[in-house]
Amino acid sequence: MTVEGPVLLLLLLSALSATVEVPAGAPLAPAVARLGAGDVLRLGPGVHRGSLGALARGAVEGAGMGVTVIEAAEGEPAVIVAASAGEVHLRGLTLRAGAPRCALAVESGTAILDDVALSGAACAAS
């Protein structure tokens with residue numbers, strides 16, 4: 001069997017991607033800093049306090065809407081998508097912003113949401 005073109009590229013990318021696991025209560029910033037293209041940040045059930053900051057790539061997965069919650073501090077959005085030439089995938093999460101912010105801010109690129117609830121003092125998303 002011969003593997004060529006796009007199929008080979010997909011196999012190589014999947015072999016290079018990583019999953020970074022973060023239990024509730026663990027710091028988010030070091031895990032986000034390790035994310036590369038194609039990587040998945042998997043957040044465990046419970047409340048994760050703090051913002052994910054600016055995401056330029058990858059995916060963030062939780063255990064389900066209402067089960068995995070990212071709760072940002074006052075004045076911070078839970079997630080900022082800054083993927084100028086790409087997409088950030090968010091799945092199975094509840095995002096809560098600190099007042100007076102939106103839970104999700106998309107500065108550039110595309111945010112793809114699946115099973116995500118947004119709650120912000122100013123708005124849900126901007």
Side-chain angles (χ1 to χ4, degrees):
M1 180 173 103
T2 304
V3 179
E4 296 179 14
V7 174
L8 180 59
L9 180 61
L10 286 173
L11 289 172
L12 288 172
L13 288 175
S14 65
L16 296 174
S17 65
T19 299
V20 179
E21 304 267 349
V22 180
L28 295 170
V32 171
R34 292 181 21 210
L35 286 181
D39 289 354
V40 175
L41 177 62
R42 186 166 296 140
L43 303 177
V47 177
H48 296 262
R49 302 209 187 279
S51 172
L52 289 179
L55 298 176
R57 61 194 168 275
V60 180
E61 296 180 351
M65 182 174 32
V67 178
T68 300
V69 178
I70 299 172
E71 190 170 272
E74 186 172 332
E76 295 182 8
V79 177
I80 301 167
V81 173
S84 59
E87 301 173 340
V88 172
H89 296 257
L90 303 171
R91 293 181 204 99
L93 301 163
T94 295
L95 306 178
R96 293 186 187 145
R101 298 287 184 196
C102 299
L104 172 65
V106 180
E107 292 181 350
S108 62
T110 304
I112 298 176
L113 309 179
D114 179 27
D115 188 34
V116 175
L118 305 172
S119 172
C123 59
S126 67

Going by atom type alone, with no hydrogens or angles, which donor-acceptor pairs under 3.5 Å involve a side-chain atom of residues 56-63 and a protein atom two or more places apart or on another chain?
unit_1: Arg57; atom_1: NE; unit_2: Leu35; atom_2: O; d: 3.1
unit_1: Arg57; atom_1: NH2; unit_2: Leu35; atom_2: O; d: 2.9
unit_1: Glu61; atom_1: OE1; unit_2: Arg42; atom_2: NE; d: 3.4
unit_1: Glu61; atom_1: OE1; unit_2: Arg42; atom_2: NH2; d: 3.3
unit_1: Glu61; atom_1: OE2; unit_2: Arg91; atom_2: NH1; d: 2.7

Which side-chain N or O atoms in residues 97-123 pair as donor and acceptor under 3.5 Å with protein atoms at least two apart or in another chain?
unit_1: Arg101; atom_1: NE; unit_2: Gly75; atom_2: O; d: 2.9
unit_1: Ser108; atom_1: OG; unit_2: Ser84; atom_2: N; d: 3.4
unit_1: Asp115; atom_1: OD2; unit_2: Met65; atom_2: N; d: 3.2

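Among residue pairs with one or both ends in residues 66-75, those qualifying as salt bridge (charged side-chain N to carboxylate O under 4.0 Å, His left out) are Arg49-Glu71, Glu71-Arg96; sequence neighbours excluded. Under the disulfide (SG to SG under 2.5 Å) criterion, no residue pair touches residues 18-84, with sequence neighbours excluded. Each disulfide (SG to SG under 2.5 Å) pair with one or both residues in residues 22-55, not counting sequence neighbours, would appear here, but there are none.
With hydrogens and angles disregarded, a donor-acceptor distance shorter than 3.5 Å links the side chain of Thr94 to the backbone of Gly66. Side-chain atoms of Thr19 do not come within 3.5 Å of backbone N or O of Val40 as any donor-acceptor pair.
Nearest heavy-atom pair, Pro45 versus Ala24, reported as atom, atom and distance to 0.1 Å: O-CB, 3.3 Å. Scanning all heavy atoms of the two residues, the minimum distance from Thr68 to Gly92 falls at CB-O, 3.9 Å. In terms of heavy-atom proximity, Ala78 sits nearest to Ser51 at O-OG, 3.2 Å. Residues Leu28 and Gly50 approach most closely at CD1-O, 3.8 Å, considering heavy atoms.
You'll find the side chain of Leu55 stays beyond 4.5 Å of the side chain of Ile80, heavy atoms only.
Side-chain heavy atoms closer than 4.5 Å link hydrophobic residues (I, L, V, M, F, W, Y) into clusters, and following such links, even through other members, never connects Val22 to Val69. By the criterion of side-chain heavy atoms lying less than 4.5 angstrom apart, applied directly or through intervening Ile, Leu, Val, Met, Phe, Trp or Tyr residues, Val67 is not grouped with Leu95; the two fall into different hydrophobic clusters.
Scanning for side-chain hydrogen bond (donor to acceptor under 3.5 Å, both in side chains) contacts around Arg34 gives an empty result, with sequence neighbours left out.
One finds the CG atom of Leu41 at 8.5 Å from the NE2 atom of His48 (value rounded to the nearest 0.5 Å).
Test Ile70, Val81, Leu93 against Leu52 for side chain to side chain contact (heavy atoms under 4.5 Å, CB included) and you get one pass: Ile70.
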